[in-house]
Each structure stands twice: as C-alpha cells, then as structure tokens.
Amino acid sequence: MGIVKAIAVLLHLAGAAVMTYAWMELDQVPNNAWVVKQKGGHFQFLTIQGLFAAWATMALSLIADFTSWGLFRRLKRALFMIAMPLAAVISTIYWGLLLLMPSLILRPNNIEEYDPASTAKASDDLARIPLELDLALHAVPGTVLLIDFFLFERKYSKKYARYGGAAVATLAGIWYAWWVEYCASFNGVFPYPFLTYSPFPKLWGGRFTGKTDPVMHEFNQSLRYDKRMHAADIKGSIAYAKALTKVGILTPDEEQKIVEGLQKVEQEWAGGEFKIMPDDEDIHTANERRLTELIGKLGGKLHTGRSRNDQVATDMRLWLLDEVKEVEEGLKALIRVMVERADKEKEFLLPGYTHLQRGQPIRWAHLLLSHAFSFSADLQRLQQLIPRVSVLPLGCGALAGNPFVVDREFLAKELGFQSVAENSLYGVGDRDFIVEFMMWASLAMTHISRMAEDLVIYSTAEFGFVTLSDAYSTGSSIMPQKKNPDSLELLRGKSGRVFGNMAGFLMTLKGLPSTYNKDLQEDKEPLFDAVDTVSASFKIAEGVVATMEVHADKMRQALTMDVLATDLADYLVRKGIPFRKTHEISGKAVALAESRGCQLNELSLSDFKGLNSEFSDDIHSIFNFEASVERRESIGGTSLKMVERQISVLRGLLV
C-alpha cells in the first residue's frame with residue numbers, strides 16, 4: 001500500500017505542477033477578461049472556475065487517500081460518481097457539436113454586448129485558450145483522478161467499469177479534439193471530418209449561398225504574399241477613418257477606437273503575433289476581420305464608401321513609395337563606393353576596349369565612372385518616377401467615386417501623396433506606375449549586368465585585372481583551383497528575371513477592360529520580386545566593388561604600343577594632314593610593325609619617313625601612355641583633370 005500511496009502523491013504533485021503553471025499563465029490576464037467569450041464559445045469565467053474545481057477535487061482525493069475519515073472517502077466516491085458521468089455527457093455534447101456542426105461552436109464571437117471598458121483588450125489577450133490551460137482544465141485532472149480512483153478503490157464492478165469506460169472515452173475525445181485544434185493544419189479548410197468549408201463568413205459573402213471550392217479558395221487568396229503591405233494597409237485605413245469622421249460617418253470616439261484597434265493590429269503584424277484565419281483572402285480582409293474581433297461590429301463601419309479596389313491601389317502606391325526610398329538609398333550607396341574607389345585609383349591605366357579588342361589607353365577610374373554615370377541616370381529616372389507613383393486612389397470607391405463626399409485632398413495630405421487621381425475609373429484601374437517601376441528596374445539591372453560582365457572578364461586569368469573578394473566568390477565542387485565570380489554571374493542572370501517580370505505583367509495588362517479586374521491581383525508578385533531583386537542586387541554590387549582587389553601592374557602590362565595608333569594619326573593631323581589620310585598612314589605603320597614582329601615604338605625614324613615625309617625627330621615622344629590619356633582633356637575625357645571633374649559631378653548628385 002505504501003507504493004500505491006507514493007504513486008498517488010507523485011501523480012497529484014505532477015498534476016498540480018502543470019495546473020500551477022497554467023494558473024501562472026492565466027494570472028497574466030486582465031481581471032475583467034472573464035466576460036469575454038472564447039473561440040470555443042464558452043466564457044473564460046468557466047475556465048477559471050473549472051481550474052479551481054479541478055484543484056479542489058484533486059486535493060480532496062489526496063486527503064481521502066491518506067486519512068481514515070470515512071467522510072472524505074464517501075465525498076470522493078460521490079464526486080467521482082457524479083462528476084465523471086456529467087463530464088462525459090457535457091464533453092460528448094460539446095465535442096460532438098464541434099465535430100458535426102462546428103459553425104455553431106466556432107462562429108466568431110460578438111463581444112460588444114458585454115461592453116466593459118476594456119473588452120477589446122481582454123478579447124485580444126484571450127483570443128484563444130492557451131494549450132496549457134486546455135490540458136490543465138481537461139486532461140490532467142481527469143487523468144489523475146481516474147488513476148487514483150482505481151488505485152485505491154479496486155472495485156471492478158460493472159458499475160465502476162461503466163464509469164471508468166465513460167471517463168476513458170471522455171479523455172480520448174478531449175485529446176482528439178485538442179489534436180484537431182492545435183496540431184492539424186488548416187490549409188484553407190477546417191480539418192473537421194464533417195466540414196469541407198470554413199464556418200467563418202466571408203466579407204463579401206452576402207450575395208452567395210453556395211460553398212467555395214477549396215481549390216478555388218486557395219487559388220483566390222493573395223494574403224501569402226500581399227501581407228507584406230500590412231503597414232501600408234493600416235496606414236491607409238487610419239487616414240480613411242479620420243476622413244469618415246470629417247463627414248460625420250464616425251464620431252470622434254468611434255474614430256479613436258478604430259484607430260487604436262488598427263494600431264494594435266499593426267503591432268501584432270510587426271511582432272509576428274497576427275493569427276491568420278482560413279478565410280483571410282488578402283491583407284485587407286485579414287486586417288478588417290481582426291479589427292472587428294478587437295472592437296466589435298464598429299469595425300464594419302470602416303469600409304463605408306470604400307472598396308477593396310481603391311484600397312488595394314492605395315496600398316500598392318503607399319508600399320512602393322516606401323520601397324523606392326530604400327531602393328534609392330541602395331543605388332546611392334553603390335554610386336558612392338564606385339566614386340570613392342575611382343578617386344583612390346585614378347592613376348591606374350589600362351587598355352580601353354571596343355568589340356573586346358584593345359583600343360586606346362584609359363584610366364581605370366574612367367571605366368568605373370562610366371558605369372557610375374549609368375547608375376546616376378537610373379537615380380534621376382527613379383526620382384522622376386515618384387510623382388507618378390504618388391497619386392492617391394483612395395476615395396474612388398469601387399469605380400464611380402465615393403458617395404459620402406470624403407475629403408480626398410485631406411486624405412492625400414494625411415498619407416503624403418503629391419496629388420489625387422482626378423478620375424475614379426483611372427484611379428482604381430491604373431497600374432502604369434507598377435509597369436514603369438519594373439521598366440526602370442529592368443534598365444537598372446541591365447546596367448548592373450553590363451558592369452558585372454566587365455568584371456567577370458577582368459577577373460579571368462587571361463586578364464587578371466581584378467580579383468574578387470572571397471566573400472563574393474565560390475569554388476568548384478570538383479576543381480579545387482577554381483574561384484568563381486558567382487556574385488557577378490547572379491547579378492547578370494537576375495537582370496533577365498526582372499525584365500521577365502515586367503514583360504509578363506505587361507502581357508497581363510494589355511488585354512484588360514477598364515477599371516478593376518481580378519487579373520490585377522497578378523501585379524503584386526512581379527512587383528515584389530522586382531523590388532526585392534533590384535534592392536539585393538545594388539547591395540551585392542556595392543559589396544563586390546568595395547572589396548575587390550585591383551591589379552594595376554596587370555593592367556599596365558596589357559597596354560601595348562598598338563593602342564597608341566590613334567595618337568600616331570593625331571600626330572600627323574597636327575602637321576596639317578587630313579585625318580582620313582593620317583588614319584591610313586597609321587594603319588600602314590601598324591601593319592609594318594606586325595610584319596617585323598615588333599612594337600610601333602620600335603620602328604625607326606626612317607621607317608616612319610618612308611610612310612610619310614612629315615614624320616620628324618619627335619615622333620617617338622607620342623609613345624607614352626600617360627601623355628596619351630592626358631591629351632584627352634575635353635569634358636568627358638580620360639585625363640586626370642576630366643576624371644576629377646566627373647568625380648565632382650557625381651558627388652554633387654549624391655548630396
């Protein structure tokens with residue numbers, strides 16, 4: 001009997017520990033939270049009372065096990081005989097309804113009727129009963145009492161067998177329902193065996209009586225990707241609530257409740273606490289549903305006069321305006337690192353190439369700055385794009401305008417838009433700003449790709465002009481000596497991806513009738529991908545340029561005297577001979593040097609005079625690479641003075 005009692009003590013202590021932990025969790029809840037109905041349809045008050053009842057029952061059972069007082073033992077037996085069958089009946093009804101008719105149990109609760117001051121906060125704190133409370137209230141005490149009863153009573157009559165069987169069935173049902181509620185995946189459809197649709201009503205469901213096909217439900221949803229616009233959607237809704245107050249749809253008190261509720265929703269998104277429900281089609285319905293849960297049916301007023309058509313167009317523009325700022329900063333950072341590197345390495349000379357053939361000597365800084373000027377043009381185009389993105393659609397309604405005469409200029413000022421859409425049909429249906437951004441991104445990525453191609457070539461062993469940092473290179477799985485410029489190759493490859501996003505959406509857009517059509521839901525993924533790709537590409541390109549090692553000696557070794565052939569022609573031009581003639585003479589000099597297997601500067605004065613009598617003793621002075629680049633001193637040239645001018649111009653653009 002001592003072992004049995006020891007087991008009983010340990011059993012009760014373990015159960016009490018779990019329940020105590022649950023109480024500690026419950027103790028964090030506001031005192032008035034008991035008035036709030038839970039998702040399961042019961043009051044939190046019942047959870048609290050049930051927890052105390054379970055504690056008291058377990059304490060009574062333990063006292064009865066260790067005392068000879070018949071009163072406690074009779075109370076224990078009576079409690080077991082009454083409580084366990086009652087629990088079996090109640091649990092069977094409750095969980096049976098949950099499985100067979102879940103819409104009765106899982107229907108969203110309207111808590112406004114209770115109307116305590118902090119109902120919204122209490123509802124938020126207790127949106128669903130924590131797992132520990134479910135276990136403490138249902139499974140743990142029942143399991144402890146059941147084992148304790150059979151340890152001490154040891155009367156296996158038919159009557160006790162029935163009670164025990166009912167208790168076991170009850171516990172099994174509780175554990176199964178717990179698994180369904182906490183472990184099964186929703187995947188857009190509730191996991192109950194007799195329900196193939198969600199019992200939560202759709203925000204647009206008044207017109208419809210039939211069920212949505214689960215595949216269609218999933219096909220129609222966009223929340224998995226448009227949830228990244230949560231902040232923009234909340235911002236737009238807060239401004240719209242203020243506009244509704246200005247026209248008398250909302251009272252100031254109602255506006256305050258809505259704004260506070262929306263701010264709470266945004267905090268949930270920012271903290272990763274927002275619970276997505278199966279019928280949340282998109283970010284707009286998800287936020288409105290959660291707002292209504294927090295503040296009751298008042299949340300339904302927010303959509304007065306507003307359509308998801310003007311709402312989504314507003315969200316997209318707000319989101320893109322914020323992203324453009326980040327993209328602009330990334331582009332400036334890339335230009336800045338190129339300019340600073342050019343300033344430090346402006347003395348380095350290398351061959352300039354056309355058709356990938358050596359042409360004329362240039363400064364390494366001049367080459368870097370050529371790409372920087374392409375990016376500076378991208379920067380200007382991006383800034384010029386902003387006014388066309390910053391056009392407010394909110395207040396256009398579904399297509400015909402807002403019937404409550406909301407102040408759209410107030411909305412534009414509140415949200416930071418530069419102008420309002422003057423035509424409501426245009427406002428809800430226009431996506432040119434998305435196309436234009438993706439066109440801009442395609443061109444910017446083309447410039448990144450061209451720079452990447454230059455650096456890929458210059459990083460090869462055949463050139464050896466640059467060596468990429470290990471941070472932006474990878475190796476080969478089979479060839480140990482390889483150092484692959486994967487960062488540059490990915491930049492080059494992703495330019496095609498961004499262009500494909502733009503071309504694909506243009507094909508979607510070209511055949512659409514006026515105003516909003518569901519096809520326009522396909523604007524988000526290509527835009528999001530383009531923004532992400534171009535932003536990441538600028539950062540990678542910046543890192544590559546900032547960390548690569550430049551080999552000035554290898555560049556210098558690549559300079560051969562034939563790159564001064566143009567200087568040879570220019571020498572004769574200064575003697576008064578037409579350039580077309582000097583071009584021919586210089587070409588003959590190159591051919592003569594090639595036939596002799598020597599460099600141009602190794603030809604003798606008599607060799608040059610044999611080509612033209614105007615050559616004189618100073619001819620060999622032109623065979624100087626530094627002198628060659630310094631002669632290119634008109635604006636845009638590769639002379640030191642002009643390179644410094646270019647650096648100054650670019651720095652001015654970055655201010």
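- Test H303, R306, E266 against S237 for side chain to side chain donor-acceptor pair (under 3.5 Å) and you get one pass: R306.
- Annotation for F433: atom CZ counts as buried by contact number, over 12 foreign heavy atoms lying within 6.0 Å.
- Under a 4.0 Å N-O distance rule, the pair D430/R317 qualifies as a salt bridge.
- For R431, the side chain to side chain donor-acceptor pair (under 3.5 Å) partners two or more places apart in sequence, or in a different chain, are D523.
- In summary, the side chains of Q256 and E260 do present a donor paired with an acceptor at a separation below 3.5 Å, with no hydrogens or angles considered.
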Donor-acceptor pairs under 3.5 Å, side chain of residues 319-335 to any protein atom, not counting sequence neighbours: which ones?
residue : atom : partner : partner atom : Å
E328    : OE2  : K332    : NZ           : 3.4
E328    : OE2  : Q383    : NE2          : 3.0

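- No hydrogens or angles considered: nothing links the side chains of Y240 and D310 as a donor-acceptor pair under 3.5 Å.
- Side chain to side chain, H284 and D226 fail the donor-acceptor criterion of an N or O pair below 3.5 Å.
- Between F538 and W440, the ring-plane angle classifies as perpendicular under the 30° and 60° cut-offs.
- Applying the side chain to side chain donor-acceptor pair (under 3.5 Å) test to D378 and every residue at least two apart in sequence or in another chain returns R381, H447.
- Taking the charged nitrogens against the carboxylate oxygens, K242 and E255 have no contact shorter than 4.0 Å, which rules out a salt bridge.
- Relative to the six-membered ring of F274, R290 misses at least one condition, a distance below 6.0 Å or an angle of at most 45° to the axis.
- Inspection of the E489 and N484 side chains reveals no N or O donor paired with an N or O acceptor under 3.5 Å.
- Contact check on E268 versus K264 returns no salt bridge, with no Lys/Arg side-chain nitrogen under 4.0 Å from an Asp/Glu carboxylate oxygen.
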Taking it one step at a time, do D233 and R228 satisfy salt bridge (charged side-chain N to carboxylate O under 4.0 Å, His left out)? CA-CA 10 Å; D233 190 69; R228 66 190 300 173; over 6 Å; no
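- Between R308 and D282 there is a salt bridge, since a side-chain N of the basic residue sits under 4.0 Å from a carboxylate O of the acidic one.
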